[in-house]
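So that the names make sense, note that chain A is the first sequence line, chain B the second, and so on, each numbered from 1.
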Amino acid sequence: MTENPKKPGPIAEMLAPVAGFGVTFANLFRPVVTEQYPFEKVPTKPRYHGRHQLNRYPDGLEKCIGCELCAWACPADAIYVEGGDNADLPEGAHVSPGERYGRVYQINYLRCIFCGLCIEACPTRALTMTNDYELAGPTREGMIFEKDDLLAPLREGMLAGPHPMVEGTEDLEYYRGEITGPTQAQVDWVRERRPDDASLDAAAKATVAAPDANGGTR
Amino acid sequence: MSNETAPSGFLLTTVEDFAGWARKSSIWPVTFGLACCAIEMMAAGASRFDLARYGMEVFRASPRQADLMIVAGRVSQKMAPIVRQVYDQMAEPKWVLSMGVCASSGGMFNNYAIVQGVDHVVPVDIYLPGCPPRPEMLINAINELQRQMQKEPLLTHRREVVKAVEAAALEATPTHQMKGLLR
């Protein structure tokens, strides 16, 4: 073979220096890929690992039982939990159903790597992750989120704790998901102690009957 | 002009506003990718997120032409003096963005090889968590920083702010009274 078959012809050779502009020109007609981020937020994938959230039961009690399993699972030692006894609260009040509740709950977002091992470790699904990722801050202390920063807001009809558990139930009923909202007795209890509570009116409208302790699937 | 005779009031506020606007409108970052966070930083500069929208597309290889150091990635003990040297070579005014948990606090690398937070070496203006943070998070942190830059006080205002910061620091809860990670 004497001649290279891939050698361009004389016309192609003449146009070669401007061929690069052809790429630029063709791209003028392609759709724009740039996301206008702070103005138009493209939603993340639904299971994106963002900021944590501490969830609540439908009657407003917290799900976190202060077991510290999340802190044990954390590979970066970003979580600090201190448990408290519900029995120490006055007049039979509860922060969470059962014996213990998370009295101190801190996540250091300057250590957290958003791996989700804490979510897998949580026995009550108290800790989950939101899709919120806008977390930047000017100080190191400010990036340690405390319990009030992490706690899920009260949904419409939830009664702010601490208040007693639904009458005639134990923590097991809560774990089984048999609690669907605050009962009249809980609302009355809160109305007597904290008449100015902001969640009272909505909770009073959303009261449900306590689950039958002997019926069901026990 | 000494600080004693410097103007204040309306004139200074106007100059401050203008200076803040000028500073925040085209921040030139110094190229400082140290680890995986740098990949996200490059993605933020590329077409999908396009930092050029903020006039930030020129990542300068020379610190003398840069305003912002984005420390992207873990800083090892061996790298620390180099980080400091690059910071010292930057011209005033300059800012530092600590990108990702490793740069901010050492992250999951709590060991002898990694500096536990780049703020041990240089003053950090904004911390950005994430491992690595997605480009949107970086842009969000840059927006926060731009808000800081816009409000940067000058001359007499600066002295007032310094005084207020000192007063606030004296009133703040001492660390030994804090709980857990805050201690």
Side-chain angles (χ1 to χ4, degrees), chain A residues 27 30-45 48-52 66 68 71 74-84 102-117 131-147 149, chain B residues 36 43-44 46-54 95-110 116-120 123-148 165 169 172-173 175 178-183:
Chain A
N27 271 299
R30 297 235 174 96
V32 177
V33 292
T34 306
E35 291 171 7
Q36 303 295 324
Y37 159 67
F39 312 108
E40 291 164 35
K41 289 176 189 170
V42 179
T44 59
K45 288 278 179 284
Y48 174 75
H49 286 187
R51 187 179 62 81
H52 298 78
E68 303 183 22
C74 184
D77 278 346
I79 307 182
Y80 178 85
V81 187
E82 217 171 81
R103 189 155 54 83
V104 179
Y105 198 100
Q106 293 172 352
I107 298 184
N108 184 353
Y109 278 103
L110 292 186
R111 290 261 180 211
C112 172
I113 56 169
F114 300 92
C115 60
L117 288 181
N131 289 346
D132 179 19
Y133 53 78
E134 293 172 335
L135 288 166
T139 58
R140 240 169 127 149
E141 306 89 75
M143 298 313 297
I144 298 177
F145 281 38
E146 298 223 50
K147 199 174 164 190
D149 304 315
Chain B
C36 28
S47 49
R48 182 166 159 204
F49 298 99
D50 202 11
L51 278 179
R53 293 182 290 139
Y54 301 101
W95 292 271
V96 177
L97 191 157
S98 163
M99 180 181 182
V101 291
C102 300
S104 300
S105 77
M108 66 182 300
F109 302 111
N110 193 353
Q116 297 298 304
V118 74
D119 50 2
H120 291 289
V124 173
D125 291 287
I126 195 136
Y127 296 89
L128 170 60
C131 185
R134 53 196 281 134
E136 280 112 321
M137 291 169 88
L138 177 59
I139 294 173
N140 177 50
I142 288 166
N143 286 340
E144 290 288 324
L145 188 65
Q146 283 178 329
R147 251 160 259 153
Q148 266 186 43
V165 166
T173 319
T175 19
M178 289 179 172
K179 290 239 91 174
L181 296 169
L182 282 164
R183 190 172 289 151

Next on the checklist: Please classify the contact between A:V33 and chain B as side chain, backbone, both or neither, with a heavy-atom cut-off of under 4.5 Å.
Outcome noted: both
Checklist entry - Counting heavy-atom pairs under 4.5 Å to chain A, which of B:N143, B:L97, B:L145, B:I139 comes out on top? => result B:I139
Checklist entry - Between B:Y127 and B:D119, do the side chains contain an N or O donor and an N or O acceptor separated by less than 3.5 Å? => result yes
Checklist entry - With a 4.5 angstrom heavy-atom cut-off, which part of B:R48 approaches chain A: side chain, backbone, both or neither? => result both
Item to check | Selection from B:C131, B:S47, B:P129 maximising heavy-atom pairs under 4.5 Å formed with chain A | outcome: B:P129
Item to check | chain B contact via A:E82 - which portion, at a heavy-atom distance below 4.5 Å | outcome: side chain
Checklist entry - Any idea which of A:N108, A:I113, A:T139 has the most non-hydrogen atom pairs under 4.5 angstrom with chain B? => result A:I113
Next on the checklist: Under a 3.5 Å distance rule, please check whether B:Q116 uses its side chain to pair with a backbone N or O of B:F109 as donor and acceptor.
Outcome noted: yes
Next on the checklist: With chain A as the partner, which of B:E136, B:E144, B:M137, B:M108 has the greatest number of non-hydrogen pairs under 4.5 Å?
Outcome noted: B:E136
Next on the checklist: Let's go through A:R111 and B:N110 carefully: what are the C-alpha distance in whole Å and the side-chain angles of both, what is the deciding distance for side chain to side chain contact (heavy atoms under 4.5 Å, CB included) to 0.1 Å, and is it a yes or a no?
Outcome noted: CA-CA 9 Å; A:R111 290 261 180 211; B:N110 193 353; 4.1 Å; yes
Item to check | Under 4.5 Å from any heavy atom of chain B - which part of A:Y109 | outcome: both
Checklist entry - So, B:D125 side chain and B:V96 main chain: donor-acceptor pair closer than 3.5 Å or not? => result yes
Item to check | Greatest number of heavy atom pairs closer than 4.5 Å to chain A - which of B:S104, B:A103, B:G107 | outcome: B:G107
Checklist entry - What part of A:F145 lies closer than 4.5 angstrom to a heavy atom of chain B: side chain, backbone, both or neither? => result neither
Checklist entry - Between A:E146 and chain B, which part of the residue has a heavy atom less than 4.5 Å away: side chain, backbone, both or neither? => result side chain
Item to check | Check: B:S105 side chain, A:L110 main-chain N or O, donor-acceptor pair, under 3.5 Å | outcome: yes
Next on the checklist: Looking at B:F49, is its backbone amide N or carbonyl O close enough to the side chain of B:R53 to form a donor-acceptor pair, meaning the two atoms are under 3.5 Å apart?
Outcome noted: yes
Next on the checklist: Taking B:N140's backbone N and O only, do any of them form a donor-acceptor pair with A:E134's side chain (distance below 3.5 Å, no angle check)?
Outcome noted: no
